[in-house]
Protein chains: 2
Amino acid sequence: MADLNFSNPSGAPDSRANEGRSSATAPAGLRWDIIELLFFAYRDFVGDADHELEAFGFGRAHHRVLHFVYRYPGLKVADLLDVLRITKQSLGRVLKQLLDEGYIVQKAGNNDRRQRLLFATAKGEALVAKLAGLQTDRLNRALRDIGPSGADAVRQFLRAMIDRDDPDKVLEAIFGAGNPTAKAKE
Amino acid sequence: MADLNFSNPSGAPDSRANEGRSSATAPAGLRWDIIELLFFAYRDFVGDADHELEAFGFGRAHHRVLHFVYRYPGLKVADLLDVLRITKQSLGRVLKQLLDEGYIVQKAGNNDRRQRLLFATAKGEALVAKLAGLQTDRLNRALRDIGPSGADAVRQFLRAMIDRDDPDKVLEAIFGAGNPTAKAKE
DNA sequence: AAGATATGTCAATATGGCTGACTTAAATTT
DNA sequence: AAATTTAAGTCAGCCATATTGACATATCTT
């Protein structure tokens with residue numbers, strides 16, 4: 001195999017992997033370690049679902065749509081656009097497939113019959129629960145060792161990573177109601 | 001604006017947002033909350049860099065390449081393919097741009113002159129450090145409130161989220177040497 | 001009646017993935 | 001020395017997912 005380490009076969013500069021800080025900018029050092037851990041953790045986290053989705057001929061985009069429609073039944077198309085931060089045209093393609101194949105249904109709003117309120121069907125629920133199950137398995141494994149207080153720290157960390165200006169409907173639901181966080185909504 | 005809540009304008013099923021468990025699979029409930037927090041946290045985390053990259057005419061793919069080349073100087077093309085889990089052809093396009101525009105240079109390996117070892121130039125370092133600075137700012141904000149033990153929990157959680165079978169060179173560096181667990185690294 | 005809004009759709013384009021086939025140069029094996 | 005394997009690069013084309021701009025339709029608001 002040769003050369004499996006990062007030793008320096010060409011006399012070039014040494015690895016910066018363990019520097020802990022860069023010479024370039026931040027006074028207290030850049031958080032290279034967490035930046036990379038987030039990259040790999042998220043890659044493998046979504047990989048669980050990606051693999052399963054292939055069998056259905058779906059991609060990550062279908063998963064995101066189905067997930068939020070299942071979780072927030074009656075979501076409007078406009079809400080979904082806010083949450084996913086994509087354009088109507090991009091959503092249209094994916095949503096049409098999910099509708100055509102019976103994972104989602106639309107109902108006209110009662111107050112405003114222009115609106116198309118979205119709901120997951122039983123078929124849609126089954127798929128989204130299967131995917132969430134895979135991801136939950138990984139999360140449970142990762143949370144097992146750090147205890148309840150660690151899990152709380154993780155939740156608090158993730159919440160604090162999210163932009164709070166201009167929240168969409170889903171974020172309002174997450175941060176608004178029964179979910180007071182470190183500082184709540186401020 | 002109308003209808004800013006998730007109340008039920010069409011008599012449809014209630015929101016599942018606060019269920020805590022699904023009727024579908026997992027015995028102890030699916031971790032919907034963390035699944036969603038991860039989605040939003042990662043979306044905003046990479047959004048910091050994405051926005052800045054636009055000004056350079058680069059995309060997320062360029063960032064990933066430049067990041068790992070900077071962090072692990074002398075990385076071979078084959079290593080990069082393992083880490084990013086993309087094909088040679090996909091990498092080729094972005095790598096060529098980064099080479100042409102002077103963010104990365106290649107050197108032939110000493111032991112094996114077929115290899116092209118990759119190094120970030122000063123120009124490349126400046127860009128990658130700028131991007132890491134933006135992401136570090138967000139991380140610092142998020143970690144500030146949970147204290148050192150919370151930060152350790154987050155690190156431990158993220159490490160446990162990553163697949164350990166078939167690790168690439170970078171993961172070997174992260175998990176192998178001076179990084180027995182959530183501690184050390186300094 | 002006029003205007004604004006919610007959704008859907010057309011056409012064109014870009015990015016970043018993919019596969020398969022092939023070349024070149026250099027290392028390794030026989 | 002010759003054959004094979006390996007590392008990298010490239011060509012050609014395909015697909016998924018994103019983009020913008022323009023426009024149609026139905027419906028709500030004024």
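In what follows, every chain begins at residue 1, and chains take the letters A, B, ... in the order their sequences are listed. No experiment lies behind these values; they were computed from the predicted model shown.
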Members of residues 86-98 of chain A that approach DNA chain C, where some heavy atom sits under 4.0 Å away: A/Lys88, A/Gln89
Starting at atom CZ of A/Arg60, determine the distance to atom C1' of D/dA16, rounded to an integer number of angstrom. 12 Å
Would you mind reading off the distance between B/Asp50 atom CG and D/dT19 atom C1', rounded to a whole angstrom? 14 Å
Return the value, rounded to whole Å, for the distance between atom NZ of A/Lys76 and atom P of D/dC28. 13 Å
Could you check A/Phe56 against A/Glu101 for side chain to side chain contact (heavy atoms under 4.5 Å, CB included), going step by step and ending with a plain yes or no? CA-CA 10 Å; A/Phe56 292 81; A/Glu101 302 186 30; over 6 Å; no
Taking side-chain contact (heavy atoms from CB on, under 4.5 Å) as the test, write out the residues that go with A/Arg141, two or more places apart. A/Asp137, A/Arg138, A/Arg144
Hey, what's the ring geometry for A/Tyr70 with B/Trp32, parallel, tilted or perpendicular (30° and 60° as the breaks)? tilted
Could you run down the sub-3.5 Å N/O contacts of the protein with nucleotides 23-27 of chain C?
from	atom 1	to	atom 2	distance (Å)
C/dA27	OP1	B/Arg113	N	3.1

B/Asp79 and salt bridge (charged side-chain N to carboxylate O under 4.0 Å, His left out): which partner among B/Arg85, B/Arg71, B/Lys169? B/Lys169
Given atom CG of A/Leu117 and atom P of C/dG8, what is their separation to the nearest angstrom? 11 Å
Would you say A/Gln115 reaches D/dC28's phosphate, i.e. side-chain N/O to OP1/OP2 under 4.0 Å? no
Are OP1 or OP2 of D/dA18 and a side-chain N or O of A/Arg64 less than 4.0 angstrom apart? yes
Is there a chain of hydrophobic side chains (I, L, V, M, F, W, Y, each step under 4.5 Å between heavy atoms) that links B/Ile174 to A/Ile35? yes
Pi-cation contact, B/Phe175 with B/Arg164 (under 6.0 Å, within 45°): yes
Measuring from B/Ile104:CD1 to B/Leu80:CG, what's the distance to the nearest 0.5 Å? 7.5 Å
Quickly work out the A/Ile104 CD1 to C/dT7 P distance and round it to whole Å. 14 Å
A/Asp82 has an atom CG; how far is it from atom C1' of C/dA6, in whole Å? 13 Å
In this structure, how many angstroms lie between the P atom of C/dA14 and the CZ atom of B/Phe58, rounded? 18 Å
Measure the distance from CG on A/Asp100 to C1' on C/dG8 and round it to the nearest whole Å. 13 Å
Using side-chain heavy atoms (C-beta onward) and a distance below 4.5 Å, is A/Phe58 in contact with A/His63? no
Anything under 30° is parallel, anything over 60° is perpendicular, the rest tilted; go ahead and classify B/Tyr72 against B/Phe68. parallel
